[in-house]
Trainee: 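First the structure, which I've put down as structure tokens, then a few questions once you've had a look.
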Amino acid sequence: MLNHEVTALINKQINAEFYSAYLYLDFSNYYYHEGLDGFGNWFKIQAQEERDHATLLIQYLQNNGETITLEGIKSPDVPKESIGHVLHEQLKHEQYVTSLIHNIYDVAHSVKDFRTMQFLDWFVKEQGEEEQNAETLIKRFDLFGEDKKALYMLDSELSARTYNPPSLVL
């Protein structure tokens, strides 16, 4: 049995991951509407990743005999002022998610829940990658976004991204 606070925080994280999936689907729809199908594809895959993160957290709680508490997922309310603005909003959101994961880790550490800490190690690493990917996309957009041909090439590159489900052993 897991610590009650750790379980509550993981349940909260499950819902945060599902919200992230909604948010990235919203971003994907925005880019498709703007005619940037590659950016749309990139965010659609991000949404799939977030959904799988939630599923991994659910499986962890189930494996530990804990109850899952799914809540309603609010509609994304992040303004989409421009192509670049959305990219910055993604980075801001990933930084927020990282803070949530770190908080769970901190609480698990304080109650000596080493199993949960070990499980969360993958998420800590994943969040580092998520933030780095968001920063790289912003840098590339900042370099090429004003040049229509370069933007077209970046969009084409992003359309080639495929989904690779996480291979975390629970």
Trainee: Which heavy atom of D26 sits nearest a heavy atom of P76, and at what distance?
Mentor: OD2-CB, 3.7 Å

Trainee: For residues H53 and Q48, determine if any side-chain heavy atom of one lies less than 4.5 Å from a side-chain heavy atom of the other.
Mentor: no

Trainee: Return the set of residues passing ring pair (Phe, Tyr, Trp, His ring centres under 6.0 Å) with Y19 (not counting sequence neighbours), or none when no residue passes.
Mentor: H93

Trainee: N3: which residues meet the side chain to side chain contact (heavy atoms under 4.5 Å, CB included) condition with it, sequence neighbours left out?
Mentor: E5, V6, V111

Trainee: Once rounded to the nearest 0.5 Å, what's the spacing between atom CD of E131 and atom OG1 of T136?
Mentor: 11.5 Å

Trainee: So, for A21 and E50, which heavy atoms are closest and what is the spacing to 0.1 Å?
Mentor: N-CB, 3.6 Å

Trainee: With rounding to the nearest 0.5 angstrom, report the CD to CG distance, Q132 to L91.
Mentor: 11.5 Å

Trainee: Going hydrophobic residue to hydrophobic residue with side-chain gaps under 4.5 angstrom, can you get from M1 over to F114?
Mentor: no

Trainee: State yes or no: do I45 and V86 share one hydrophobic cluster built from I, L, V, M, F, W and Y residues joined by side-chain heavy-atom distances below 4.5 Å, directly or via other members?
Mentor: no

Trainee: L87 vs F39, test: side-chain contact (heavy atoms from CB on, under 4.5 Å). Steps then yes/no.
Mentor: CA-CA 10 Å; L87 299 178; F39 282 83; 4.3 Å; yes

Trainee: Got a sec, which residues hit side chain to side chain contact (heavy atoms under 4.5 Å, CB included) with D52, two or more places apart in sequence or on another chain?
Mentor: Y163, P165, P166

Trainee: May I ask you to check whether Q46 and E130 show a side-chain donor-acceptor distance below 3.5 Å?
Mentor: yes

Trainee: Check whether any side-chain heavy atom of L57 sits under 4.5 Å from a side-chain heavy atom of F123, and report yes or no.
Mentor: yes

Trainee: Could you list the residues that satisfy salt bridge (charged side-chain N to carboxylate O under 4.0 Å, His left out) with E94, not counting sequence neighbours?
Mentor: none

Trainee: Please check if atom NZ in K80 has more than 12 non-hydrogen atoms from other residues, nucleotides or ligands closer than 6.0 Å.
Mentor: yes

Trainee: Take Q95 and Q127 through the test side chain to side chain donor-acceptor pair (under 3.5 Å) and record every step on the way to the result.
Mentor: CA-CA 8 Å; Q95 291 167 336; Q127 280 309 121; over 6 Å; no

Trainee: For Y32, what residues pass the side chain to side chain contact (heavy atoms under 4.5 Å, CB included) criterion, not counting sequence neighbours?
Mentor: S28, D37, N41, K44

Trainee: Going by atom types only, do T116 and Y105 share a side-chain donor-acceptor pair under 3.5 Å?
Mentor: no

Trainee: Say whether E17 and Q13, considering side chains only, have a donor N or O and an acceptor N or O under 3.5 Å apart.
Mentor: yes

Trainee: Heavy-atom distance under 4.5 Å between the side chains of F18 and I58, does that happen here?
Mentor: yes

Trainee: Using 0.5 Å steps for rounding, measure from the CD atom of E34 to the CG atom of D155.
Mentor: 11.5 Å

Trainee: Mind checking side chain to side chain contact (heavy atoms under 4.5 Å, CB included) for A150 and listing every partner two or more places apart, or none if nothing turns up?
Mentor: F144, D147

Trainee: Do L158 and L137 touch side chain to side chain, with heavy atoms closer than 4.5 Å?
Mentor: yes

Trainee: Measure the shortest side-chain to side-chain distance between L23 and V78 over non-hydrogen atoms and say whether it is less than 4.5 angstrom.
Mentor: yes

Trainee: Which residues satisfy the side chain to side chain donor-acceptor pair (under 3.5 Å) test with N29, sequence neighbours excluded?
Mentor: none

Trainee: In the single-linkage hydrophobic clustering (I, L, V, M, F, W, Y; side-chain heavy atoms under 4.5 Å), do M153 and I83 co-cluster?
Mentor: no

Trainee: Which residues satisfy the side chain to side chain donor-acceptor pair (under 3.5 Å) test with Y152, sequence neighbours excluded?
Mentor: none

Trainee: Testing the basics here: between E66 and L2, what is the closest heavy-atom pair and its distance to 0.1 Å?
Mentor: OE2-N, 2.8 Å

Trainee: Which value, rounded to the nearest 0.5 Å, describes the distance between T7 atom OG1 and N64 atom CG?
Mentor: 8.0 Å

Trainee: Kindly write out the residues that satisfy side chain to side chain donor-acceptor pair (under 3.5 Å) with E157, not counting sequence neighbours, or none if the list is empty.
Mentor: R140

Trainee: Got a sec, which residues hit ring pair (Phe, Tyr, Trp, His ring centres under 6.0 Å) with F43, two or more places apart in sequence or on another chain?
Mentor: Y24, F27, Y31

Trainee: Should we count OH of Y22 as having more than 12 external heavy atoms under 6.0 Å?
Mentor: no

Trainee: Could you check whether E49 pairs with R161 (Lys NZ or Arg NE/NH1/NH2 to Asp/Glu carboxylate O, under 4.0 Å)?
Mentor: yes

Trainee: Would you indicate whether E129, at its atom CD, is surrounded by more than 12 heavy atoms from other residues, nucleotides or ligands within a distance under 6.0 Å?
Mentor: yes

Trainee: Looking at K12 and L100, what are the two nearest heavy atoms and their distance?
Mentor: NZ-CD2, 4.3 Å

Trainee: In this structure, are over 12 heavy atoms from other groups packed under 6.0 Å from H85 atom NE2?
Mentor: yes

Trainee: Could you name each residue pair satisfying salt bridge (charged side-chain N to carboxylate O under 4.0 Å, His left out) that touches residues 104-115, not counting sequence neighbours?
Mentor: none

Trainee: Please name all residues satisfying side chain to side chain donor-acceptor pair (under 3.5 Å) with N11, sequence neighbours left out, ordered by chain then number.
Mentor: none

Trainee: I need the minimum non-hydrogen distance between I10 and I104, along with the two atoms involved.
Mentor: CG1-CG2, 4.0 Å

Trainee: Would you confirm whether N15, through its side chain, and I73, through its main-chain N or O, come within 3.5 Å as a donor-acceptor pair?
Mentor: no

Trainee: Nearest heavy-atom pair of I14 and L70: which atoms, and what distance?
Mentor: CG2-CD2, 3.9 Å

Trainee: Atom CG in N63, atom CZ in F119: separation rounded to 0.5 Å?
Mentor: 9.0 Å

